[in-house]
Amino acid sequence: EVQLQASGGGLVQAGGSLRVSCEVSGFRFKDYAIGWFRQAPGKEREGVACISVSDGSRAYAESLKGRFAVSNNNAKTTVFLQMNSLKPEDTAVYSCAAYSNSYNFCVLDLSDYEYWGQGTQVTVSS
């Protein structure tokens, strides 16, 4: 059974940093891409970043490049999202998701993602 569990959210002041984690299990990890998405109250879910675990290629939402960084641990069981210079508008529930991926790139198209984990709340105070 494929499982993804996001954790590490919390309350942080504007300008601060936070790292959230996504633990993954139940599939051949190297054959998947893992993506981070967020949903703020009253807004649609949007893609944040993704990583193709087989070769480490990454993609980011254009507006978040330079502030957010996605990575995975050596064992390839956990994917991290490092968020820096946080702004109040980054407040959202952050979720991780996965899809089977045989290419050396990943995409942030919601419709491609097959498996979803529960999110973790990130709140940025002004």
Main-chain N/O of Gly9 paired with Thr120 side-chain donor or acceptor, under 3.5 Å
yes
What's the separation between atom OG in Ser85 and atom CZ in Arg67, rounded to the nearest 0.5 Å?
6.5 Å
Examine distances only and state if a side-chain atom of Arg58 and a backbone atom of Val70 form a donor-acceptor pair shorter than 3.5 Å.
yes
Please determine whether residues Val12 and Tyr94 belong to a single hydrophobic cluster, defined as Ile, Leu, Val, Met, Phe, Trp and Tyr linked transitively by side-chain heavy-atom distances below 4.5 Å.
yes
What's the shortest heavy-atom distance between Cys106 and Ala33, and which atoms?
CB-CB, 3.8 Å
Decide side chain to side chain contact (heavy atoms under 4.5 Å, CB included) for Asp90 and Phe68; before the verdict, give the C-alpha distance in whole Å, the side-chain angles of both, and the deciding distance to 0.1 Å.
CA-CA 11 Å; Asp90 294 318; Phe68 287 21; 4.0 Å; yes
Nearest heavy-atom pair of Pro88 and Ala14: which atoms, and what distance?
CD-CB, 4.1 Å
Kindly work out whether a path of hydrophobic side-chain contacts (I/L/V/M/F/W/Y, heavy atoms less than 4.5 Å apart) joins Val93 to Leu86.
no
Hey, is Lys43 close enough to Glu46 for a salt bridge, meaning N to O under 4.0 Å?
no
Do you reckon Val124 sits in the same ILVMFWY cluster as Leu11, going by side-chain contacts under 4.5 Å, direct or chained?
no
When you compare the side chain of Tyr115 with that of Gln3, does any pair of heavy atoms fall below 4.5 Å?
no
When you check the side-chain N and O atoms of Asn104 and Ser57, is any donor under 3.5 Å from an acceptor?
no
What closest approach, in Å, do Gly10 and Leu18 show between heavy atoms, and which atom pair accounts for it?
N-CD2, 3.9 Å
Hey, what do you get for CD (Glu23) to SG (Cys96), rounding to the nearest 0.5 Å?
9.5 Å
Step-by-step side chain to side chain contact (heavy atoms under 4.5 Å, CB included) determination, Ile34 to Leu4:
CA-CA 10 Å; Ile34 306 294; Leu4 302 99; 4.2 Å; yes
Other residues, nucleotides and ligands only: do more than 12 of their heavy atoms fall within 6.0 Å of CD on Gln118?
no
Report yes or no: do Ser100 and Glu114 form a side-chain donor-acceptor pair below 3.5 Å?
yes
Would Leu81 and Trp36 count as a side chain to side chain contact (heavy atoms under 4.5 Å, CB included) if you check the C-alpha gap in whole Å, the side-chain angles of each, and the deciding distance to 0.1 Å?
CA-CA 8 Å; Leu81 180 68; Trp36 281 99; 3.6 Å; yes
Please round to the nearest 0.5 Å and tell me the distance separating atom SG of Cys50 and atom CZ of Phe105.
10.0 Å
For residues Gly47 and Ala61, report the shortest heavy-atom separation together with the two atoms involved.
O-CB, 3.4 Å
Report yes or no: does Arg38 contribute a side-chain atom to a donor-acceptor pair with the main-chain N or O of Ala92 at less than 3.5 Å?
no
What is the ring orientation for Tyr99 with Tyr113, classed by angle as parallel under 30°, tilted 30 to 60°, or perpendicular over 60°?
perpendicular
Students often mix this up, so state it plainly: with edges at 30° and 60°, are the rings of Trp116 and Phe37 parallel, tilted or perpendicular?
tilted
Hphob cluster co-occupancy, Val2 + Leu110, side-chain heavy atoms under 4.5 angstrom
no
Point-to-point distance, once rounded to the nearest 0.5 Å, from NZ of Lys65 to OG of Ser63
10.0 Å
Are the side chains of Val122 and Thr91 in touch, meaning some heavy atoms are under 4.5 Å apart?
no
Just so I know, are the side chains of Cys22 and Gln5 near enough to count as touching, which here means a heavy-atom distance under 4.5 Å?
no
Go through Val48 and Tyr60 one step at a time and tell me if the side chain to side chain contact (heavy atoms under 4.5 Å, CB included) criterion holds.
CA-CA 6 Å; Val48 174; Tyr60 296 92; over 6 Å; no
